[in-house]
Amino acid sequence: QVQLVESGGGLVQAGGSLRLSCAASGRTFSRNAVGWFRQAPGKEREIVAAMYWSGSYTYYADSVKGRFTISRDNAKKTVYLQMNSLKPEDTAIYYCAARVSVVVTTAKDDYNYWGQGTQVTVSS
């Protein structure tokens, strides 16, 4: 089993920054895809960013390109999402997810493990 625990959410003003962390425990991944998703009230859960656990390929949704950065620290088994220039429309619950597969995908149904989510609220 794999456990993913997010942290770092909170309330921030528009234009501000937050850094989310996702700590993994249990089974270790050496070449698996990981991603960040978000879900706003009344909306579908959507991909924000994804990357190989130990690779260099990254994917970003168009809505966050140039503002968000996904990264990882393999020694700490932690994935990060640095969020800059936050906008009110970024308000959502943010989830960390991991795949058993090495392939980075954007479909939430392709991800096998999920964290509990962390709330991000951006005020205008």
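It should be emphasised that the depicted structure is a prediction, and the values quoted were computed from it without experimental measurement. In what follows, residues are counted from 1 in the order of the sequence shown.
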**Student:** Determine the minimum heavy-atom distance between Ile47 and Thr105, stating which atoms define it.
**Tutor:**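 Closest pair (atom of Ile47, atom of Thr105, distance): CD1-O, 4.2 Å.
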
**Student:** If every non-hydrogen atom of Tyr60 is compared with every non-hydrogen atom of Ala49, which pair is closest and at what distance?
**Tutor:**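 So the two residues come closest at CD2-CB, 3.7 Å.
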
**Student:** Show your reasoning for whether side-chain contact (heavy atoms from CB on, under 4.5 Å) applies to Trp114 and Leu4.
**Tutor:** CA-CA 6 Å; Trp114 291 86; Leu4 302 173; 5.6 Å; no

**Student:** So how far is it from Cys22 SG to Tyr95 OH, rounded to the nearest 0.5 Å?
**Tutor:**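 That separation rounds to 13.0 Å.
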
**Student:** When you measure from the side chain of Arg72 to the backbone N and O of Tyr80, does any donor-acceptor pair fall under 3.5 Å?
**Tutor:**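 Side chain of Arg72 to backbone of Tyr80, a donor-acceptor pair under 3.5 Å: no, none is there.
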
**Student:** Nearest heavy-atom pair of Leu20 and Met83: which atoms, and what distance?
**Tutor:**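 Nearest pair, atom of Leu20 first, then Met83: CG-CE, 3.8 Å.
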
**Student:** Can Asp62 and Lys65 be said to form a salt bridge (Lys or Arg N to Asp or Glu O under 4.0 Å), step by step?
**Tutor:** CA-CA 5 Å; Asp62 288 343; Lys65 276 182 183 176; 3.2 Å; yes

**Student:** So which heavy atom on Ala14 is nearest to which on Ser124, and how close?
**Tutor:**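 Scanning both residues, the minimum pair turns out to be CB-CA, 4.4 Å.
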
**Student:** Check the hydrophobic clustering (I, L, V, M, F, W, Y; side-chain heavy atoms under 4.5 Å; chains of links allowed) and say if Val79 and Val5 are grouped together.
**Tutor:**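 No.
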
**Student:** Can you name the closest pair of heavy atoms from Val12 and Leu86 and give their distance?
**Tutor:**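 Scanning both residues, the minimum pair turns out to be CG1-CD1, 3.6 Å.
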
**Student:** Within this structure, what is the CZ-CG distance for the pair Arg45 and Asp109, rounded to the nearest 0.5 Å?
**Tutor:**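 Answer for the CZ-CG pair, Arg45 versus Asp109, is 10.0 Å.
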
**Student:** Classify the side-chain pair Ser25/Gln3 by whether it contains a donor and acceptor separated by less than 3.5 Å.
**Tutor:**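 Side-chain D/A pair, Ser25 to Gln3: present.
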
**Student:** Assign the ring pair Tyr94 / Phe68 to parallel, tilted or perpendicular, where the plane angle (0 to 90°) is split at 30° and 60°.
**Tutor:**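 Answer is tilted, since the angle falls between 30° and 60°.
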
**Student:** Within this structure, what is the CZ-CG distance for the pair Arg38 and Leu81, rounded to the nearest 0.5 Å?
**Tutor:**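 Arg38 CZ to Leu81 CG: 9.5 Å, rounded to 0.5 Å.
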
**Student:** Check for a donor-acceptor pair, side chain of Thr121 on one end and backbone N or O of Leu11 on the other, with a separation under 3.5 Å.
**Tutor:**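 Not a single qualifying donor-acceptor pair exists.
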
**Student:** Donor-acceptor pair, Asn112 side chain versus Val100 backbone, under 3.5 Å?
**Tutor:**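 Yes.
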
**Student:** Does a side-chain heavy-atom distance below 4.5 Å link Val34 with Met51?
**Tutor:**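 Of all side-chain heavy-atom pairs linking Met51 with Val34, at least one is under 4.5 Å.
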
**Student:** Treat each ILVMFWY residue as a node, draw an edge where side-chain heavy atoms are under 4.5 Å apart, and state whether Tyr111 and Tyr59 are in one component.
**Tutor:**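 Yes, because Tyr111 and Tyr59 connect within a single hydrophobic cluster, where side-chain heavy atoms sit under 4.5 Å apart.
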
**Student:** Just by modelled atom types, is the Gln39 backbone N or O under 3.5 Å from a matching donor or acceptor in the Glu44 side chain?
**Tutor:**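 Between the backbone of Gln39 and the side chain of Glu44 there is no qualifying donor-acceptor contact (under 3.5 Å).
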
**Student:** Could you walk me through whether Ile93 and Thr118 pass the side-chain contact (heavy atoms from CB on, under 4.5 Å) test, one step at a time?
**Tutor:** CA-CA 5 Å; Ile93 298 174; Thr118 186; over 6 Å; no

**Student:** As a quick check of understanding, evaluate side-chain contact (heavy atoms from CB on, under 4.5 Å) for Gln119 and Thr91, giving each step before the final call.
**Tutor:** CA-CA 8 Å; Gln119 177 71 48; Thr91 295; 4.1 Å; yes

**Student:** Is there a donor in the side chain of Asp73 and an acceptor in the side chain of Thr78, or the other way round, less than 3.5 Å apart?
**Tutor:**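 The answer is no; no qualifying pair exists.
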
**Student:** For the pair Ser85 (side chain) and Arg67 (backbone), establish whether a donor and an acceptor sit closer than 3.5 Å, ignoring hydrogens and angles.
**Tutor:**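 No; zero donor-acceptor contacts below 3.5 Å.
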
**Student:** Ignoring hydrogens, what is the shortest heavy-atom contact between Thr58 and Ile70? Give both atom names and the distance.
**Tutor:**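 That closest heavy-atom pairing would be CG2-CG2, 3.9 Å.
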
**Student:** Taking Cys96's backbone N and O only, do any of them form a donor-acceptor pair with Glu6's side chain (distance below 3.5 Å, no angle check)?
**Tutor:**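 Judged by distance alone, yes, a pair lies under 3.5 Å.
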
